[in-house]
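The next block holds one structure in the form of structure tokens; read it before the comments.
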Amino acid sequence: SALPLTILLSIIAPTPALADAKSELRFQQGVAAYGAREFGAARESFENFLARNPGDPTALRYLGLISRHESKDAEASDYFVRALQLAPTEVLTYMALGETQLNAQQNVPAQDTLRTALALAPQNARLHLYMGIAEYRLRNFPEAAKHFDRATTLDANLQREANYYSGLTQ
């Protein structure tokens, strides 16, 4: 009598490995939906994933990116901050937070965020570009020019964006 109950319970209750596989599938579905710009489906997948894995900073970063695409900068910032509390050296999350702060005209917080990110990744060209924008908006033109020059030295593809601001700092 105990054997059929064990078999029944094993069928009804997912094993940890199966639950992990389903959770991982949800995460990958979220990534795919995000890549396809299906933000509603991506949000649902990542929220379901986080229900089982509440401490996953990558899923939180994706939710922040989704919120940013939906023009919900405050919500996006909250997700990025939560992700950084869990993974304080994740440069991509700092970059996303800094960009969101710049979009929201929060230039001083963006400057602080980008300064932290640059300490972690001083060779990241896009971080230099964003820091240059923050410095420009704060009227720190010599610092802005240094960051624009550094951005284009590290990545020639940023030349057009950096030159636009760099010309304004003269």
Side-chain angles (χ1 to χ4, degrees), residues 1-134 151 154-155 157-158 161:
S1 153
L3 186 57
L5 181 58
T6 304
I7 292 171
L8 179 61
L9 287 177
S10 69
I11 293 169
I12 294 173
T15 63
L18 183 58
D20 289 346
K22 284 182 180 179
S23 185
E24 181 61 27
L25 179 62
R26 280 308 235 172
F27 184 88
Q28 295 305 324
Q29 288 171 333
V31 171
Y34 179 82
R37 301 184 62 81
E38 296 170 359
F39 299 126
R43 178 180 293 279
E44 182 181 338
S45 291
F46 287 120
E47 286 173 346
N48 286 336
F49 176 82
L50 279 171
R52 296 185 76 80
N53 305 278
D56 189 276
T58 305
L60 288 166
R61 184 177 72 233
Y62 270 109
L63 284 169
L65 293 170
I66 292 164
S67 296
R68 195 171 71 200
H69 283 290
E70 295 171 340
S71 299
K72 298 175 183 174
D73 289 336
E75 182 178 286
S77 291
D78 288 343
Y79 280 122
F80 296 139
V81 168
R82 285 175 53 199
L84 287 168
Q85 289 169 343
L86 297 166
T89 60
E90 182 54 52
V91 173
L92 291 176
T93 306
Y94 278 108
M95 188 171 359
L97 176 59
E99 185 179 7
T100 301
Q101 291 165 326
L102 286 173
N103 288 342
Q105 302 296 317
Q106 298 172 346
N107 300 309
V108 172
Q111 182 187 44
D112 292 340
T113 298
L114 295 167
R115 187 176 292 122
T116 300
L118 280 167
L120 295 168
Q123 301 301 311
N124 187 303
R126 189 150 299 274
L127 285 174
H128 281 284
L129 177 68
Y130 292 159
M131 180 60 108
I133 293 169
L154 292 169
D155 184 350
N157 293 322
L158 297 178
E161 289 174 85

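None of these values were measured; they are calculated from a predicted model. Scope of the values below: all heavy atoms of this structure, side chains included, with no hydrogens, waters or symmetry mates.
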Give, for atom CG of L50 and atom OH of Y62, the distance between the pair rounded to the nearest 0.5 Å. 13.0 Å

The reported gap from CZ in R82 to CG in D56 (rounded to nearest 0.5 angstrom) is 11.0 Å

About how many Å separate CZ of R126 and CG of L158, when rounded to the nearest 0.5 Å? 5.0 Å

Mind listing the closest non-hydrogen atom pair of A110 and G98 along with its distance? CB-O, 3.8 Å

Shortest non-hydrogen contact between R52 and S23, atoms and distance: CB-OG, 4.2 Å

Compare all side-chain heavy atoms of T58 with those of F27 and state whether any distance is below 4.5 angstrom. yes

Under the side chain to side chain contact (heavy atoms under 4.5 Å, CB included) rule, collect the residues that match up with N103, sequence neighbours excluded. R68, D73, E99

Taking side chain as C-beta onward, heavy atoms only, is E90 less than 4.5 Å from Y94? no

Shortest non-hydrogen contact from P57 toward G55: CD-O, 3.1 Å

I'd like to check V91 versus L127 (side-chain heavy atoms, cut-off strictly below 4.5 Å). Are they in contact? yes

Testing K22, Q29, Q28 one by one against R26 for a side-chain contact (heavy atoms from CB on, under 4.5 Å), which residue passes? Q29

Going by the side-chain contact (heavy atoms from CB on, under 4.5 Å) test, name the single residue among L65, L60, V31 that passes it with F46. V31

With sequence neighbours left out, what residues match E75 under side chain to side chain contact (heavy atoms under 4.5 Å, CB included)? R43, S67, K72, Y79

In the structure I gave you, are the side-chain heavy atoms of L97 and S77 within less than 4.5 Å of one another anywhere? yes

Taking side chain as C-beta onward, heavy atoms only, is T93 less than 4.5 Å from M95? no

About how many Å separate OG1 of T113 and CG of L84, when rounded to the nearest 0.5 Å? 8.0 Å

Side chain proximity check, L129 to D155, heavy atoms < 4.5 angstrom: no

Distance-minimising heavy-atom pair for L114 and M131: CD1-N, 3.7 Å

Look up atom CD in Q111 and atom OG1 in T116, then write down how far apart they are to the nearest 0.5 Å. 10.5 Å

Minimum heavy-atom distance between L154 and P122, given as atom pair plus value: CD1-O, 4.2 Å

